[in-house]
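Everything below concerns the one structure shown next.
Since we're looking at a predicted model, the values are computed, not measured. Because only heavy atoms are used, hydrogens play no part in the values below, and waters and symmetry mates are left out as well, while side chains stay in.
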Amino acid sequence: MPLQGRRALKHTCPWILLTFLTGGVICSLVITVQGPSEVDAKVGSDVTLGVSFSGALDPTVEWRKGDLPIATWTIGSSIPPDLDDNLGSLTVDNNGSLTFHDVQLSHGATYSVRMSKSGVGSDTVTFTLRVFDDIENVSVTAVPSQVVEGSSNFTLEYSTLQGETESVKWYFNGKAIENGTRYIIADKSLKIKDPTRDDTGQYTLVLANPFSYKTVHKNISVLYGPDRPVLTAMPPKVAFASGDSLLLSCQADGEPAPTASWVYEGQTLPTSQMGTLNLTNVQTSQSGVYTCHLVNNETKANLERNFTINIYESPTGIPVCSVQGVNADKELQYRCLWPGGTPEAQLSFPALNGSVVGSGDLNMTVTPSEDLNGKEVTCLGSHPFLQHNCSITARGPADFLPLVWTAVDSDGKLVISIACASTSMPVATVTWSRGGQVLSSGGRYRISPNTTLLSILDLSLDTSDLGTYTCEGRNPLGPAISDSSLFPNQDGSIATLTWETPRTSIITGFEVQMMGPDLLSSSSISRGEERVTHGFRTIQKKPADARSTDLAVLDPESTYQFRVIPVAGQTKGDPSEEHRIGPGGLSGSAIAGIAAGIPCGLLLLLLLIALIVFCVCKRKRRQTRYPVARAVEKVVTTQPNLNAPHALLTGGLKNGGPPDYNAHQWPTENCQDGWLRLNVPAPSPPLCHLHLCEWPPQSNMDRPLVHANITSPLPCIYCHLYPLC
């Protein structure tokens, strides 16, 4: 039997048997897939799309690639299958399977097979053939090539030289990227929206198919900057001193790192690659604004920031305070001067007005008041490198201490100089007068520029130049004038002592002093105690607000002298004028002795006269000595420092008017106890011989007198003299 007959019988017999067993039921044609319907094949390999059929003998088989027939054959036919030569080597098996020999990428497609048999029916199945090659030469590119922060988006695209991918996966710094609002994974691309510097990193592409696996990395740098720079100075200081050295640094973030340069007053300065500017031995002229200029060399973006350097110099020395009278001495002008320095020192007088600040030189004009007299006013000086203060105290003029000296000029004429210097701040302006008439510089009068010295040229020896010369000092805090008086009662047993001081005086109390016998008391009278009669002594101490005191009990038959001394703390001022109270002439005992000696005859009368003369002389030693008027006082042969204020209290008391010259009794003893003596010879008219004795070495006074001996035959001048011991 021929081969085809055997094959037909082989296929027919089962169907005949099946037909017989089923009682002649007709079966339909069924195609069964042998293996997977989705077939993966590697390029160059053989692959079979396997099928089998049942329900018909020798059906007709037709394979299609899509809608295109590629192979047709009747199973069991001796005629070869009709094949599409464009697909290369193809074969159709007796079971209807299609085999690809040396399969190519172009063979990948969807294939369908249809079997039919007349009178039986037909059936169709479908296959998917995927053909893969090894993945080779994978590349990833960024579009655009420069990714800049703030741009709309950028895309990573990949390509392969060969090989098809079954799966595509993207990773960023090892973390899988999922489709979302910022990442869009498309065909062969990854799109990143609104890139920032945080998108800088490594992107990884993983491609795979059933026969190949490839991984590709792509590093992406998102360009940005320059950001706001950090400007520093080393060493870190608020201000630098002239002569210092320093480094200026300018650092800013950016990709790539920005390039920094420094510009000062329009000139670019040499700068290191790290953006550092080195300044050595700086001067105040180099103070100012330094500009750091930053550039991103890739994006050309630039940024500028300023840095201010302060280079200072300390002012000269320390601040100096002063005060003076202005506007005709109606106002006080306080001044604080601290020159030099860069910047100038800031000055203020908080006690006057803390809101007013001056630079280098501050002047403040205020109205004088009691509060300012003796008040220490401090100027606060502040400079970035230094803080110093100074203080000044304004005081009203103190009672004057006149100094008088005599000289003979080149023409042999007598020149009298009188100096009045007062403790005051501002320095008091001195006004000179004689007999109520104000003196001015000119003619025979010469007044120094600072008004404290009066010189009388060619002093006349007659009475025309004699008299009381008065100097009065005044500054905005007031003049130095005070007075005192003594008022006894009718019987002379009680006296009231009053005194006045300038209202601007600085006084903590007063001492009331007395010279003469002790005040009476019932106990001392009954015991008949001996009473002290020599020297001034303090009998009362009064508070600062006291202006009078009662003196009791006085002996109406005794002579007393009283005065008041102002006290400021432990310092005593000049005493007031001395006030005398008591009877004049001989004492009661002397008169009684004279009366008792009358009956004794002429001899006894002579003896009593001698005794009376003796008593009178002794009485003269106890007689009051009057203070020198301020216009003529202690005579010295050396020129004093007229500009230096005397260390006197502003509460010093001015002496009253001239004493009663007719009651004056001139001492005639030599200088024994340090008193300034005036010797008056007997001839008429009397002549004055002025002697100045050297101060006793045992004296505790702080200003000894210089020895001088001036003897001039002058018409007698009533001189007001101070006791010096």
For V366, which of V323, N353, L372 qualifies under side-chain contact (heavy atoms from CB on, under 4.5 Å)?
-> L372
Heavy-atom donor-acceptor pair, [X] side chain to [Y] backbone, under 3.5 Å:
{"X": "S249", "Y": "T276", "value": "no"}
{"X": "N296", "Y": "A301", "value": "no"}
{"X": "K191", "Y": "L156", "value": "no"}
{"X": "N95", "Y": "V51", "value": "yes"}
{"X": "N179", "Y": "I185", "value": "yes"}
{"X": "S359", "Y": "E344", "value": "no"}
{"X": "W73", "Y": "E62", "value": "no"}
{"X": "H107", "Y": "G88", "value": "no"}
{"X": "H383", "Y": "P343", "value": "yes"}

Do you see a donor-acceptor pair shorter than 3.5 Å between the side chains of [X] and [Y]?
{"X": "Q283", "Y": "N281", "result": "yes"}
{"X": "E331", "Y": "T365", "result": "no"}
{"X": "T259", "Y": "N297", "result": "yes"}
{"X": "S122", "Y": "R114", "result": "yes"}
{"X": "E136", "Y": "T160", "result": "no"}
{"X": "T393", "Y": "E376", "result": "no"}
{"X": "S116", "Y": "T60", "result": "no"}
{"X": "S97", "Y": "T48", "result": "no"}
{"X": "Q104", "Y": "D102", "result": "yes"}

Any [X] side-chain heavy atom under 4.5 Å of [Y] side chain:
{"X": "W262", "Y": "T291", "result": "no"}
{"X": "N209", "Y": "I135", "result": "yes"}
{"X": "L87", "Y": "K65", "result": "yes"}
{"X": "T99", "Y": "V47", "result": "no"}
{"X": "I192", "Y": "Y203", "result": "yes"}
{"X": "P226", "Y": "V295", "result": "no"}
{"X": "T165", "Y": "S167", "result": "no"}
{"X": "V289", "Y": "Y264", "result": "no"}

Interatomic distance, [X] atom [atom1] to [Y] atom [atom2] [nearest 0.5 angstrom]:
{"X": "E304", "Y": "S261", "atom1": "CD", "atom2": "OG", "result": "8.5 Å"}
{"X": "R64", "Y": "D84", "atom1": "CZ", "atom2": "CG", "result": "12.0 Å"}
{"X": "L332", "Y": "L352", "atom1": "CG", "atom2": "CG", "result": "9.5 Å"}
{"X": "Q346", "Y": "C336", "atom1": "CD", "atom2": "SG", "result": "11.5 Å"}
{"X": "I220", "Y": "L223", "atom1": "CD1", "atom2": "CG", "result": "10.0 Å"}
{"X": "I318", "Y": "H388", "atom1": "CD1", "atom2": "NE2", "result": "7.0 Å"}

Using the side-chain contact (heavy atoms from CB on, under 4.5 Å) rule, take E298 and Q146 through it: C-alpha gap first, then chi angles, then the decisive distance, then the call.
-> CA-CA 9 Å; E298 291 292 334; Q146 281 188 346; 2.9 Å; yes
Shortest non-hydrogen separation from [X] to [Y] and the atoms involved:
{"X": "L362", "Y": "S348", "value": "CD2-CA, 3.6 Å"}
{"X": "R130", "Y": "D40", "value": "NE-OD1, 2.7 Å"}
{"X": "G96", "Y": "I75", "value": "N-CD1, 4.2 Å"}
{"X": "A71", "Y": "L98", "value": "CB-CD1, 4.4 Å"}

Taking R182 as the fixed residue, which of N153, D199, D194, T196 is the one that meets the side chain to side chain donor-acceptor pair (under 3.5 Å) rule?
-> D199
Using 4.0 Å as the upper bound for N to carboxylate O, is an ion pair formed by K42 and D134?
-> yes
Name all residues meeting the side-chain contact (heavy atoms from CB on, under 4.5 Å) criterion together with T204; count only those two or more places apart in sequence or in a different chain, and write none if there are none.
-> Y171, Q202, V206, T215, H217
Enclosure of E164 CD (heavy-atom neighbours >12, cutoff 6.0 Å) | no
State which residues pass side-chain hydrogen bond (donor to acceptor under 3.5 Å, both in side chains) with T110; sequence neighbours excluded, sorted by chain then number.
-> none
Not counting sequence neighbours, which residues clear side-chain hydrogen bond (donor to acceptor under 3.5 Å, both in side chains) with S151? List them please.
-> none
Tell me whether the centres of the aromatic rings in F307 and Y290 are closer together than 6.0 Å.
-> no
Do the two ring centres, one from F385 and one from F240, sit under 6.0 Å apart?
-> no
SG to SG, are C321 and C390 under 2.5 angstrom apart?
-> yes
Candidate pair K237 and D244, rule salt bridge (Lys or Arg N to Asp or Glu O under 4.0 Å), full reasoning = CA-CA 11 Å; K237 291 182 179 180; D244 284 351; 3.4 Å; yes
Begin from the C-alpha positions of L386 and W338 and carry the test side-chain contact (heavy atoms from CB on, under 4.5 Å) through to its verdict.
-> CA-CA 11 Å; L386 297 171; W338 197 7; 4.0 Å; yes
